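What follows is a set of notes on a single structure, which appears directly below.
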Amino acid sequence: MSSEGERHRRRLFLGLQGPRQVARFMLAFLLAQTVAEYAIAQAMAANVPLLLLINVLEAAAIVYYFQHVYRLWRED
């Protein structure tokens, strides 16, 4: 017998349904940002605006996922 929670699984982040899917996505996302940041820093000298944009996106992802900011607006 399945419970109500199993039948109506809440989509957690960008349509991903399980905590492992979200964790894998965040790992891949943060890894891609880090690789892009390193490549841009090595290829382009002093490209501060682009690196700043990457850092802001990375910080937002970290705050959202690891600091659980999304829970502030939940009703449950």
Side-chain angles (χ1 to χ4, degrees):
M1 194 180 260
S2 65
S3 69
E4 185 71 23
E6 290 175 348
R7 284 190 307 206
H8 299 290
R9 291 183 78 180
R10 173 181 284 183
R11 295 195 182 270
L12 299 174
F13 180 72
L14 295 176
L16 301 173
Q17 289 188 349
R20 288 186 185 208
Q21 286 181 343
V22 175
R24 288 179 186 146
F25 172 80
M26 289 304 294
L27 177 66
F29 182 70
L30 293 174
L31 180 64
Q33 282 186 321
T34 302
V35 169
E37 182 180 11
Y38 178 78
I40 290 170
Q42 294 300 316
M44 301 178 194
N47 195 349
V48 174
L50 188 56
L51 292 174
L52 183 63
L53 176 67
I54 291 172
N55 283 331
V56 167
L57 291 174
E58 193 169 10
I62 289 170
V63 167
Y64 182 82
Y65 182 69
F66 291 107
Q67 300 298 321
H68 307 289
V69 171
Y70 59 90
R71 290 185 181 177
L72 293 175
W73 295 279
R74 279 190 183 174
E75 291 184 17
D76 50 288

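As the structure is a computational prediction, the values presented were derived from the model and not from experiment. Values below: every heavy atom of this structure, side chains too, minus hydrogens, waters and symmetry copies.
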**Request:** State which residues pass side-chain contact (heavy atoms from CB on, under 4.5 Å) with A36; sequence neighbours excluded, sorted by chain then number.
**Result:** none
**CE on M26 to OH on Y64, rounded to 0.5 Å** = 9.0 Å
**Complete:** Output for pair (R20 CZ, L27 CG), nearest 0.5 Å, gives 13.5 Å
**Message:** Show the nearest heavy-atom pair for residues E37 and N55, with the distance to one decimal.
**Reply:** OE2-OD1, 2.7 Å
**Message:** Just to verify, what does L53 make a side-chain contact (heavy atoms from CB on, under 4.5 Å) with, not counting sequence neighbours?
**Reply:** L57
**Message:** Would a single hydrophobic cluster contain both F25 and I62, if residues Ile, Leu, Val, Met, Phe, Trp and Tyr are joined by side-chain heavy-atom contacts under 4.5 Å?
**Reply:** yes
**Prompt:** What are the two closest heavy atoms between E58 and L30, and how far apart are they?
**Reply:** CG-CD2, 3.8 Å
**Asked** To the nearest 0.5 Å, how far apart are CD1 in I54 and CD1 in I40?
**Response** 3.5 Å
**Prompt:** Shared ILVMFWY cluster between Y38 and L31, side chains joined below 4.5 angstrom?
**Reply:** no
